[in-house]
Novice: 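Please read through the structure below; I'll follow up with questions.
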Amino acid sequence: MAKEKNSTGEMSFLDHLEELRWLLVRSSAGILIGAVIAFTFSREIFDDVIFAPLKGDFVTYRIFCDAANKYDLDKSFCVTEIPVTIISRNMDGQFTTDIWTAIVAGIIIAFPYILYQIWKFISPALYEKERKGAVSFITGTSLLFFLGVVFGYYLIMPLSINFLANYKISDIVVNNVDLDSYLSLVKTTVLSCGLAFELPVIIYFLAKMGLVTAAFLRKYRRYALVIILIVAAVVTPPDVVSQMTVTIPLIILYEASILIAARTNKTPKTAE
């Protein structure tokens, strides 16, 4: 329901709080619906999605193994199994894991809807021309987020799992990994990559507020490149193909952010 405005045409502070409350309520409802859907298919989600990178025939391992055989590169991905056993040490471990995993899946499923609610909340403060970009904003931001999730799931996560599972300090030590530890790696990787792919959107708003410029991003490009290379070196085997597979998308994101900042900085500011 639309809130009454004061004589200046602006909503009061309490009205803003009321709108914020409804934003949280509607977003929570969207997450709950997504979580219920995910919980209904929890067995398939765990067996075919979450635990799939623990199988030697996972698509990422097969692609990297084929590339390694073709170009005579590192053969660390040519494995039949990952030497890890998942265990649950708490009586309610599997049940609580199922619940929290469903909630995380609900956040991912409801992400476009959450964006729509955020847009409705901030749109009164935007110009008419900016409000017309709602569809583009929600579509583009959601697409970037889902691309990040896919990138994290099919590249970062299997590379990390394969590296950590085969890293040994001694043959005496066996990898009996706690369920919470494994799920923490999965959730952190997938969500972090999804948010990392929002970099162009974040840069757009920072540039819009005058907090970031294209010149600033170009100045620190070399440092960003070093950080990206370090991340790629840590999560991938010691071969060029694997490292470039992770490095190139991140560099493209950074360069796209520079272009977005440059275009935004050139946009004439409308007088308040």
Side-chain angles (χ1 to χ4, degrees), residues 27-66 76-114 142-168 173-198 234-237 242 245-246 249:
S27 298
S28 299
I31 293 173
L32 179 61
I33 294 173
V36 170
I37 295 173
F39 188 79
T40 303
F41 299 96
S42 62
R43 178 58 66 90
E44 290 80 7
I45 290 175
F46 276 98
D47 288 343
D48 300 332
V49 179
I50 294 177
F51 293 137
L54 292 174
K55 303 172 184 177
D57 61 348
F58 187 63
V59 59
T60 304
Y61 303 142
R62 288 190 279 108
I63 292 175
F64 274 87
C65 183
D66 292 341
S76 59
F77 277 97
C78 297
V79 295
T80 56
E81 62 178 356
I82 304 296
V84 168
T85 301
I86 305 297
I87 61 174
S88 178
R89 296 183 296 176
N90 298 319
M91 192 66 182
D92 62 342
Q94 297 193 53
F95 176 73
T96 55
T97 296
D98 203 1
I99 296 296
W100 283 108
T101 301
I103 293 174
V104 173
I107 294 174
I108 296 175
I109 294 171
F111 188 78
Y113 179 72
I114 296 172
S142 299
L143 181 61
L144 284 173
F145 177 76
F146 290 129
L147 283 175
V149 168
V150 171
F151 178 78
Y153 177 74
Y154 283 104
L155 280 176
I156 303 297
M157 197 170 74
L159 292 173
S160 300
I161 290 173
N162 185 66
F163 171 76
L164 295 174
N166 288 284
Y167 186 88
K168 288 187 177 182
V173 182
V174 179
N175 289 328
N176 289 326
V177 179
D178 187 70
L179 180 61
D180 287 340
S181 176
Y182 179 78
L183 264 295
S184 176
L185 174 65
V186 174
K187 289 183 289 187
T188 301
T189 301
V190 170
L191 291 179
S192 297
C193 289
L195 295 177
F197 269 57
E198 298 295 338
V234 169
V235 302
T236 61
S242 301
T245 302
V246 174

Novice: Side-chain contact test, heavy atoms from C-beta onward, threshold under 4.5 Å: evaluate it for V186 versus M157 and give yes or no.
Specialist: yes

Novice: Determine whether N175 and T85 make a side-chain contact, defined as any pair of heavy atoms from C-beta on separated by less than 4.5 Å.
Specialist: no

Novice: Quick one, I161 and Y61 - any side-chain contact, counting heavy atoms below 4.5 Å?
Specialist: yes

Novice: Would you say S42's side chain and D98's backbone share a donor-acceptor pair under 3.5 angstrom?
Specialist: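 No.
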
Novice: Tell me whether the rings of F151 and F197 are parallel (<30°), tilted (30 to 60°) or perpendicular (>60°).
Specialist: tilted

Novice: Do L32 and I103 touch side chain to side chain, with heavy atoms closer than 4.5 Å?
Specialist: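 L32 does not reach I103 side chain to side chain.
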
Novice: Does anything in residues 185-194 pair up under side chain to side chain donor-acceptor pair (under 3.5 Å), and if so which pairs, sequence neighbours excluded?
Specialist: none

Novice: What closest approach, in Å, do I45 and A38 show between heavy atoms, and which atom pair accounts for it?
Specialist: CD1-O, 3.4 Å

Novice: Are S27 and Y113 side-chain neighbours, meaning at least one heavy-atom pair lies under 4.5 Å?
Specialist: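 In short, these two side chains do not touch, never coming nearer than 4.5 Å.
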
Novice: What closest approach, in Å, do N162 and I82 show between heavy atoms, and which atom pair accounts for it?
Specialist: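 Smallest interatomic distance, heavy atoms only, reads OD1-CD1, 3.8 Å.
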
Novice: Please check this pair: side chain of E198 against backbone of L144, looking for a donor-acceptor N/O pair closer than 3.5 Å.
Specialist: no

Novice: Would you check, one step at a time, whether the test side chain to side chain contact (heavy atoms under 4.5 Å, CB included) holds for L155 with F64?
Specialist: CA-CA 10 Å; L155 280 176; F64 274 87; 3.9 Å; yes

Novice: I need the minimum non-hydrogen distance between G152 and P158, along with the two atoms involved.
Specialist: O-CD, 4.2 Å

Novice: Are any side-chain N or O atoms of D178 and backbone N or O atoms of D180, one a donor and one an acceptor, separated by less than 3.5 Å?
Specialist: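 Side chain of D178 to backbone of D180: a pair is present.
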
Novice: Side-chain contact, heavy-atom cut-off 4.5 Å: S88 with F95?
Specialist: no

Novice: If the test is side-chain contact (heavy atoms from CB on, under 4.5 Å), which one of I156, V149, V150 qualifies with V190?
Specialist: V149

Novice: Over all heavy atoms of both residues, which pair between F46 and T101 is shortest? Give the atoms and the distance, please.
Specialist: CZ-OG1, 3.6 Å

Novice: Say whether, by atom type as modelled, one donor and one acceptor occur between the side chain of Y153 and the main chain of G148 under 3.5 angstrom.
Specialist: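 Looks like no, no N/O pair under 3.5 Å.
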
